[in-house]
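Index from 1, following the sequence.
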Amino acid sequence: MPTQLAALALGVTEATVRKWASRGKLTRHGRPGRAEYDLEELLALAEARSAGGRTTAPAGSAPEAAAPEADPPAEADPPAHRTGR
C-alpha cells in the first residue's frame with residue numbers, strides 16, 4: 001500500500017512512515033518515486049504499538065541508539081553576566 005494509506009493505517013504522518021522505513025522498522029517496496037509497504041507488516045507494527053511496546057527493527061537490521069535514562073544535570077551556577085565595560 002502507498003505511504004499515505006500506510007500512515008493512515010498506523011495513525012502517524014507520512015514522514016513517520018518514511019523515517020521508520022529508513023531506520024528498518026518497515027520494509028519499503030515499490031520502485032523509485034513510488035514507495036509501497038506490506039499490509040501484514042503494517043498490521044504487526046500497529047499491533048505492537050497498540051500493545052504499548054516499543055517497535056523493534058526486523059531481525060538483522062542495525063539497532064537504534066538507546067535514549068538516555070535521564071536528562072543531563074543542569075549547570076550549578078549560570079555564567080556571570082558581562083556588562084561590556
Side-chain angles (χ1 to χ4, degrees):
M1 78 172 43
T3 307
Q4 183 179 16
L5 291 178
L8 286 171
L10 292 171
V12 298
T13 65
E14 291 180 45
T16 298
V17 172
R18 289 185 198 99
K19 185 186 310 181
W20 287 349
S22 72
R23 292 181 178 176
K25 291 183 179 185
L26 285 173
T27 306
R28 183 189 185 279
H29 302 277
R31 53 185 161 72
R34 177 75 177 163
E36 293 183 351
Y37 301 92
D38 181 67
L39 180 59
E40 289 182 19
E41 187 177 10
L42 291 169
L43 293 174
L45 184 58
E47 184 177 325
R49 290 184 71 232
S50 68
R54 284 185 52 113
T55 57
T56 57
S61 63
E64 289 186 44
E69 291 296 321
D71 292 333
E75 288 185 32
D77 297 315
H81 180 67
R82 297 183 186 187
T83 61
R85 292 184 193 177

key: N/O donor-acceptor pair under 3.5 Å between Arg49 side chain and Leu10 backbone   = yes
task = State which residue, out of Leu42, Leu45, Thr3, Leu5, fulfils the side chain to side chain contact (heavy atoms under 4.5 Å, CB included) condition with Val17.
result = Thr3
request  = Could you tell me whether the side chain of Gln4 and the main chain of Glu14 form a donor-acceptor pair under 3.5 Å?
outcome  = no
task = Nearest 0.5 Å please: distance from the OG1 atom of Thr27 over to the OH atom of Tyr37.
result = 10.0 Å
task = Measure the OG1-CZ distance between Thr13 and Arg18 for me, rounded to the nearest 0.5 Å.
result = 8.0 Å
query = Pick from Leu39, Asp38, Leu43: which one makes a side chain to side chain contact (heavy atoms under 4.5 Å, CB included) with Glu41?
reply = Asp38
ask   = Can you name the closest pair of heavy atoms from Arg28 and Arg31 and give their distance?
value = NH2-O, 3.5 Å
